[in-house]
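Here's the structure, in structure tokens; my notes come after.
In each ligand, atom 1 is the first atom listed, and ligand 1 is the first ligand listed.
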Amino acid sequence: MSTPIAESELILNARGAIYHLDVRPEELAPTIITVGDPDRVKAVSKHFDAVEGRYQHREFVTHTGRIGSKRLSVVSTGIGTDNIDIVLNELDALANIDFSTRLVKEQPASLRIIRLGTSGSLQENIPVDSFVVSSHGLGLDNLLPFYNYHNTPEELQLLEAFRGQIRMHPNAARPYLVEASAELAGLFTEGFHSGITVTCPGFYAPQGRLLRGQLSHPELIDQLTGFSFENRHITNFEMETAGIYGLGRVLGHECLSISAIVANRVRKEFSKDGGAAVESLISKALGIIAA
Ligand code: R1P
Ligand code: URA
């Protein structure tokens, strides 16, 4: 027999909505688009035929509506896997916990969670303004080790190859790796590059970028670009994908991360109009999601 989840763990506000997102269970759709930038939420929901609700608390903006008969929510996560911990757990709670009894529902629901973000390319032939589907999220952050999760034998092989080829600083977190939802990845093939996405715990030194000072791992970009195992390569890096894939694995959700490339770190180029690239990714992805 299960016990109700305590008020300190499942935190609900005065309108019965979950603490950080300020969303109630009936206000969330089963297909969810996540974006980093709160302003990007309206750039997604402007494509909806109808918006049924808008919610906001801190950097977490949610719009729920529909395209045709497909009900969708778009949620901003802000930046980083620490925020992903909050967003994925609260989305899961909305779907899988009965807020009136505080009990976990007997039949778990699996959400479809698709990140539409921006990213830096690590390959010369993946130019700015192109799109990358993350076949795997490889986390250099420290989120997933706080959870119990399982890896497939293929994931462990790839991870071992990474750990063998790329020696992280001795005080860095131990890298982890989780594969995308094969079902979702299969929908996004034409017009998308695909490869391993490295998720970093920062934008500057953790992505080999430095404005002042010194890097502890100056070879990081070259090593990530050169990684190869059984014809798999690292295509790009950003700051959320591995956390989304990892918590998707822990909580039983189908997850996919797609990025518009705004920087190419090999060619040292930055998009002249990243906003247009993101707009174009949103239109293309929504066409596929709502089909
Ligand atoms: C850094 O500028 C941010 O951009 C990328 C990174 O993952 C990080 O969140 O994604 P978003 O544009 O979706 O926020
Ligand atoms: N987002 C990142 O995290 N890195 C980049 O280089 C561009 C976007």
Side-chain angles (χ1 to χ4, degrees), residues 32-45 58-63 73-88 91 113-124 126-134 136-144 178 180 193 195-211 215 217 220-222 224-225 234-248 255-282 284-286:
I32 299 149
I33 293 159
T34 69
V35 296
D37 181 353
D39 280 344
R40 202 179 298 150
V41 170
K42 58 180 182 297
V44 174
S45 68
R58 297 181 182 238
E59 63 265 60
F60 308 110
V61 177
T62 303
H63 291 178
S73 292
V74 50
V75 183
S76 60
T77 64
I79 290 180
T81 55
D82 48 352
N83 274 20
I84 293 302
D85 182 56
I86 288 172
V87 173
L88 267 278
L91 292 177
I113 299 173
I114 300 158
R115 169 184 177 270
L116 299 180
T118 64
S119 179
S121 168
L122 287 160
Q123 299 296 335
E124 193 162 13
I126 300 183
V128 293
D129 303 333
S130 65
F131 306 144
V132 173
V133 169
S134 303
H136 301 75
L138 195 154
L140 302 184
D141 64 298
N142 201 22
L143 174 63
L144 207 59
V178 178
H193 298 273
I196 302 165
T197 296
V198 170
T199 294
C200 303
F203 184 81
Y204 287 97
Q207 294 186 18
R209 225 183 227 119
L210 200 65
L211 306 184
L215 297 171
H217 191 158
L220 181 66
I221 290 192
D222 285 348
L224 295 177
T225 299
I234 294 169
T235 43
N236 61 315
F237 53 19
E238 46 69 87
M239 298 177 63
E240 291 84 24
T241 296
I244 295 172
Y245 286 7
L247 285 181
C255 298
L256 189 70
S257 172
I258 313 175
S259 298
I261 297 298
V262 294
N264 184 298
R265 301 299 302 288
V266 180
R267 297 196 204 172
K268 301 196 187 304
E269 291 171 358
F270 198 80
S271 172
K272 298 283 177 279
D273 192 350
V278 170
E279 284 278 348
S280 161
L281 173 61
I282 290 169
K284 190 172 166 79
L286 284 179

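Of the options Gln207, Arg115, Glu238, Met239, the smallest heavy-atom separation from atom 10 (O) of ligand 1 is shown by Arg115.
Interface atoms of ligand 2 facing Gly120, defined by a heavy-atom separation under 4.0 Å, are 4 (N), 5 (C), 6 (O), 7 (C). Taking every heavy atom of Ala263 and a limit of under 4.0 angstrom, the matching atoms of ligand 2 come to 6 (O).
Sorted by first and then second residue, the salt bridge (Lys or Arg N to Asp or Glu O under 4.0 Å) pairs with a member in residues 237-246 read Arg115-Glu238, Arg115-Glu240; sequence neighbours excluded.
Of the protein's non-hydrogen atoms, Gly36 CA, 3.4 Å is the one closest to atom 14 (O) of ligand 1. Scanning all protein heavy atoms for the shortest distance to atom 13 (O) of ligand 1 gives Arg40 NH1, 2.9 Å. The single protein non-hydrogen atom nearest to atom 4 (O) of ligand 1 is Thr118 OG1, 3.1 Å, given as residue, atom name and distance. What sits closest to atom 6 (C) of ligand 1 on the protein, heavy atoms only, is Glu240 OE1, 3.6 Å. In terms of protein heavy-atom proximity, atom 1 (C) of ligand 1 is closest to Phe203 CD1, 3.8 Å.
For the residue pair Val87 and Ser76, the shortest heavy atom distance occurs at CG2-O, 4.5 Å. For Val266 against Leu122, the heavy-atom pair with the smallest separation is CG2-O, 3.3 Å.
The side-chain hydrogen bond (donor to acceptor under 3.5 Å, both in side chains) test applied to Thr81 returns Asp141, not counting sequence neighbours.
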